Amino acid sequence: KVPDRYQRWTGSHREMRSYFPRQGNYLLKATFFILFVCLTSFHFPIDRLALHIGKPYAALVKDSTFPVERQTAVYPSEPPEVDSTWISSPVVITFDDPEHGFTLPQTIYGAVGYSKGKVDGITTSPMVETLPFAQTAKLLGELQSMFRKTGWTPELAEGNDWIKVSSDEEKRQLQAKLFDQADGVILLIPNKYSLLMHIKCYARCDERDAETARYLIDIGLSRDHFSD
């Protein structure tokens with residue numbers, strides 16, 4: 001007759017053997033799950049471009065994580081001069097004037113022009129794709145609010161004013177206008193900077209269908225040539 005204590009021991013051993021494989025499978029699955037979450041939730045940092053009109057090229061390179069030198073065309077003069085930097089990958093642009101600076105939403109295209117080794121002009125869009133009108137109008141309102149807060153004001157010229165998107169009626173009127181022509185505003189830091197912002201219908205505009213049309217905002221920055 002097998003002693004009771006041996007039966008108890010062998011019974012416990014069988015239970016342990018059946019328990020640990022289940023634990024092993026659980027731990028293996030948990031490890032793979034954690035690895036999957038880490039891989040899918042990891043995002044490479046977005047490059048940043050820090051500049052303002054008049055900023056030296058060398059300072060732009062130093063202050064930016066965007067690969068400025070690799071994306072810059074150099075004019076073959078003697079000595080060579082930087083001509084333009086081209087944006088074709090995700091980047092966040094910061095206009096780093098200490099008083100009138102701002103940061104635009106992420107973009108994937110734009111260009112920076114230079115004159116005598118300093119930033120002379122910037123063209124970009126604060127968007128990575130065309131959007132329906134409602135989303136574009138919301139972004140337009142947010143941009144205008146940001147520019148107001150940092151001291152930008154419309155040029156004093158007839159017909160030049162903030163683009164009105166506060167009420168549903170203003171949005172309806174703007175959308176109807178954009179089927180035929182773009183709208184825009186010139187903003188100034190007098191005697192220092194100018195900013196031209198356009199909103200336009202960009203895709204499927206001929207259909208004149210508010211549900212299918214897609215829109216785009218463009219922004220250009222340069223010296224203030226309007227206050228002279």
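One is the number of the first residue; the rest follow in order along the sequence. Keep in mind it's a predicted model, so treat the numbers as computed, not measured.
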* To do: Answer yes or no: is there a side-chain heavy-atom contact under 4.5 Å between D209 and R204?
  => no
* Asked: Does P132 reach the side chain of R214, with side-chain heavy atoms less than 4.5 Å apart?
  -> yes
* Asked: Take atom NZ in K171; do more than 12 heavy atoms of anything else shown fall under 6.0 Å from it?
  -> yes
* **Heavy-atom side-chain contact between L187 and Q144 under 4.5 Å** => no
* Check: R48 main-chain N/O paired with T65 side-chain donor or acceptor under 3.5 Å -> yes
* Residue pair W152 / S194: nearest heavy atoms and the distance that separates them -> CZ3-C, 4.0 Å
* Spell out, yes or no, whether L188 and L156 are grouped together once hydrophobic residues are joined by side-chain heavy atoms under 4.5 Å, including indirect joins. => no
* **Rounded distance [0.5 Å steps], CD1 in I217 versus CG in D183** => 11.5 Å
* Residues L140, M197; criterion side chain to side chain contact (heavy atoms under 4.5 Å, CB included); working and verdict -> CA-CA 9 Å; L140 178 64; M197 181 165 59; 3.7 Å; yes
* Structure fact -> Smallest heavy-atom separation, L216 atom then S125 atom, equals CD1-OG, 3.7 Å
* For V112 and L49, run side chain to side chain contact (heavy atoms under 4.5 Å, CB included): C-alpha distance rounded to whole Å, both residues' side-chain angles, the deciding distance at 0.1 Å, then the answer. => CA-CA 10 Å; V112 181; L49 197 59; 4.2 Å; yes
* To do: State plainly whether one hydrophobic cluster holds both L131 and F179, where clusters connect Ile, Leu, Val, Met, Phe, Trp and Tyr through side-chain heavy atoms under 4.5 angstrom apart.
  => yes
* Give the C-alpha distance, both sets of side-chain angles, the deciding distance and a yes or no for side chain to side chain contact (heavy atoms under 4.5 Å, CB included) between Y114 and V119. => CA-CA 5 Å; Y114 305 93; V119 175; 3.9 Å; yes
* Can you check whether Y75's main-chain N or O pairs, donor with acceptor, with D83's side chain at less than 3.5 Å? -> no
* Structure fact -> Value for CD1 (I186) from CG (D161), rounded to nearest 0.5 Å, stands at 12.0 Å
* To do: Please indicate whether D206 has more than 12 foreign heavy atoms, meaning atoms of other residues, nucleotides or ligands, lying under 6.0 Å from its CG.
  => no
* Structure fact -> Here the disulfide (SG to SG under 2.5 Å) pairs for residues 129-201, sequence neighbours left out, are C201-C205
* To do: Provide the closest heavy-atom pair for I87 versus A111 in the form atom of the first, atom of the second, distance.
  => CD1-N, 4.5 Å
* Asked: Do the side chains of L221 and L196 join up, straight or via other hydrophobic residues, at under 4.5 Å, putting them in one cluster?
  -> no
* In one Ile/Leu/Val/Met/Phe/Trp/Tyr side-chain cluster, 4.5 Å: V165, I199 -> yes
* What pair of heavy atoms forms the shortest contact from L139 to P126, and how long is it? -> CD2-O, 3.7 Å
* **Heavy atoms from other residues, nucleotides or ligands near CD of E69 exceed 12 (cutoff 6.0 Å)** => no
Under 3.5 Å, side-chain donor or acceptor atoms of residues 91-105 against the rest of the protein: list the pairs with distances, not counting sequence neighbours.
from : atom 1 : to   : atom 2 : distance (Å)
T94  : OG1    : T103 : OG1    : 3.0
D96  : OD1    : H52  : N      : 3.4
D96  : OD1    : H52  : ND1    : 2.6
D96  : OD2    : K55  : NZ     : 2.6
D97  : OD1    : E99  : N      : 2.9
D97  : OD1    : H100 : N      : 2.7
D97  : OD2    : K192 : NZ     : 3.1
D97  : OD2    : Y193 : OH     : 2.8
H100 : ND1    : T150 : O      : 2.8

* **Shared hydrophobic cluster for F133 and V128 (ILVMFWY, side-chain gaps under 4.5 Å)** => yes
* To do: Any chance you could measure Q181, atom CD, to H198, atom NE2, to the nearest 0.5 Å?
  => 10.0 Å
* Is there a side-chain contact between I189 and D224 (heavy atoms, below 4.5 Å)? -> no
* Asked: Would you say the side chains of S88 and W86 form a donor-acceptor pair under 3.5 Å?
  -> no
* Are any non-hydrogen side-chain atoms of M127 and T136 less than 4.5 angstrom apart? -> yes
* Is there a side-chain contact between L51 and S64 (heavy atoms, below 4.5 Å)? -> no
* Flag side-chain contact, heavy atom, 4.5 Å: Y215 against Q175 -> yes
* Asked: For E211, does the CD atom sit with more than 12 other heavy atoms under 6.0 Å from it, leaving out its own atoms?
  -> no
* Structure fact -> All heavy atoms of V185 vs all of P154, minimum pair found to be CG2-CB, 4.4 Å
* To do: Tell me, with the steps shown, if K200 and D218 meet salt bridge (charged side-chain N to carboxylate O under 4.0 Å, His left out).
  => CA-CA 8 Å; K200 58 190 175 185; D218 293 324; 2.7 Å; yes
* Structure fact -> Heavy-atom closest pair (S227 atom, P190 atom, distance to 0.1 Å) is OG-CA, 4.0 Å
* Non-hydrogen side-chain atoms of E142 and M146 separated by less than 4.5 Å -> no
